[in-house]
Number of protein chains: 2
Amino acid sequence: MDTKLDYIKKQLHTSGYKLTPQREATVKVLLENEQDHLSAEDVYLLVKEKSPEIGLATVYRTLELLTELKVVDKINFGDGVSRYDLRKEGDNHFHHHLVCIQCGSVQEIEEDLLDDVEAIVEDKFKFKVKDHRLTFHGVCNICQDK
Amino acid sequence: MDTKLDYIKKQLHTSGYKLTPQREATVKVLLENEQDHLSAEDVYLLVKEKSPEIGLATVYRTLELLTELKVVDKINFGDGVSRYDLRKEGDNHFHHHLVCIQCGSVQEIEEDLLDDVEAIVEDKFKFKVKDHRLTFHGVCNICQDK
DNA sequence: GTGTTTATTTATAATCATTACAATTTTAAA
DNA sequence: TTTAAAATTGTAATGATTATAAATAAACAC
Ligand SMILES: [Mn+2]
Ligand SMILES: [Mn+2]
Ligand SMILES: [Zn+2]
Ligand SMILES: [Zn+2]
């Protein structure tokens with residue numbers, strides 16, 4: 001956990017930003033809830049539990065900054081809010097998601113799986129791929145057993 | 001164009017809805033701008049040119065209805081608005097997009113390309129795929145030549 | 001056809017996420 | 001210390017979307 005925090009601290013420093021107490025509190029919440037897909041409001045409420053003096057605007061600005069630095073990915077599952085997803089250290093492509101249309105659960109896929117598709121896109125459409133967003137909508141294994 | 005309108009009319013009727021003049025005007029705007037990715041506001045402004053008496057709420061409700069019926073897909077490219085994309089007749093999966101991070105252009109890919117990936121998802125994760133969203137972010141061929 | 005219910009639309013107000021702003025505090029530099 | 005830059009705070013403003021109530025239009029029953 002601290003290794004990851006240090007790594008993020010370095011990423012901030014590299015771009016000329018400091019890890020302020022508020023930013024640290026925000027990053028810690030993200031690290032402690034890595035499997036979730038928290039909205040800005042979610043993060044704000046969790047940060048406030050340990051640092052009640054933090055402002056909502058700061059959380060928004062921190063998440064925006066982390067998004068710019070590619071520490072997190074901002075994603076939208078179609079409900080009205082943006083959600084923030086920590087990137088695994090070293091990953092240069094965003095991971096994929098399986099959204100269940102029955103129970104709403106969100107499962108993650110670490111494997112890239114898109115090498116072939118990207119090759120086609122680069123070849124046929126002459127499009128230089130930098131990143132991607134892939135979400136499948138369907139029925140999760142638990143809901144299938146009902 | 002009229003064939004497509006009739007087809008959509010049928011889809012509405014099948015689900016117990018009528019093609020009111022307002023809905024027809026909205027669908028026509030979508031058909032006339034098939035290559036674009038219009039926001040609700042965009043659609044509203046275009047509809048108003050020919051039917052000035054239409055209300056914004058009606059456009060929103062119509063787009064919502066068409067989304068439920070899978071006549072259109074609601075998509076979010078990360079700017080603050082939802083955009084609406086007509087499905088090609090008979091397509092049961094949403095098409096893909098190439099978003100240029102330099103000029104902002106959005107290119108469409110009709111080919112599915114995901115058969116193999118979906119097979120893996122269904123097999124390995126026991127997830128029954130119903131639909132997908134795939135967007136590549138990168139540099140379009142025009143911007144590469146600069 | 002007349003009266004009655006239901007669906008739809010309209011204009012507008014309310015909501016809610018996000019962003020902008022001005023004042024204040026913290027940190028770094030001189 | 002004095003000064004300047006960076007960051008934060010609380011709150012106001014914005015802007016997209018949704019909810020509401022009154023008005024219209026369409027479908028239905030007699
Ligand atoms: Mn995720
Ligand atoms: Mn499209
Ligand atoms: Zn499920
Ligand atoms: Zn471009």
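Chain identifiers are assigned alphabetically (A, B, ...) following the order of the sequence lines, protein sequences preceding nucleic acid strands; residue numbering begins at 1 within each chain. All values below come from the heavy atoms of this structure, side chains included, with hydrogens, waters and symmetry mates left out.
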Q: For A:F77 and C:dA17, give me the distance from atom CZ to atom P, rounded to whole Å.
A: 17 Å
**Q.** C:dT10 phosphate, OP1 or OP2, under 4.0 Å from B:Q22 side-chain N/O
**A.** yes
Q | Nearest-nucleotide 5' precedence on DNA chain D, B:S39 against A:P52 | A | A:P52
Q: Report the distance from atom CG of A:D79 to atom P of D:dT17, rounded to the nearest whole Å.
A: 13 Å
Q: Given side-chain hydrogen bond (donor to acceptor under 3.5 Å, both in side chains), test A:H95 with A:D85 step by step and report yes or no.
A: CA-CA 9 Å; A:H95 59 255; A:D85 213 348; 2.9 Å; yes
(Q) Return a single string for nucleotides 20-30 of chain C, one symbol per nucleotide in 5' to 3' order, where B is base contact, S is sugar-phosphate-only contact and - is none, cutoff 4.0 angstrom on heavy atoms. (A) B-------S--
Q) Under 4.0 Å between a side-chain N/O of B:T20 and OP1 or OP2 of C:dT9, yes or no? A) yes
Q.
Could you report the tightest heavy-atom contact between B:R133 and B:I75, atom names first, then the distance?
A. NH1-CA, 4.0 Å
Q) How many Å lie between OH on B:Y17 and P on C:dA7, as a whole number? A) 10 Å
**Q.** Nearest-angstrom distance from the residue atom OH of A:Y44 to P of D:dT8
**A.** 14 Å
Q | Positive for ring-ring contact (aromatic ring centres under 6.0 Å, His included) with B:H97, one of B:H37, B:H137, B:H132 | A | B:H37
Q: Let me know the distance between CD of A:E24 and P of D:dT8, rounded to the nearest Å.
A: 12 Å
**Q.** side chain to side chain contact (heavy atoms under 4.5 Å, CB included) evaluation trace for A:R61 with A:T58
**A.** CA-CA 5 Å; A:R61 248 178 303 101; A:T58 302; 3.6 Å; yes
Q | Length of the line joining A:L12:CG and D:dA6:P, which is rounded to integer Å | A | 15 Å
Q: Kindly say whether B:D123 contributes a backbone atom to a donor-acceptor pair with the side chain of B:K126 at under 3.5 angstrom?
A: yes
**Q.** Verdict with supporting geometry, A:T3 and A:D6, side-chain hydrogen bond (donor to acceptor under 3.5 Å, both in side chains)
**A.** CA-CA 5 Å; A:T3 338; A:D6 283 342; over 6 Å; no
Q: Starting at atom OH of A:Y60, determine the distance to atom P of C:dT19, rounded to an integer number of angstrom.
A: 7 Å
Q: Might you point out which heavy atoms bring A:Y44 and A:L56 nearest each other, and give the distance in Å?
A: CE1-N, 3.4 Å
Q. For C:dT18, does either OP1 or OP2 sit under 4.0 Å from a side-chain N or O belonging to A:S82?
A. yes
(Q) Can you measure A:E53 atom CD to D:dA7 atom P for me and round it to whole angstrom units? (A) 18 Å
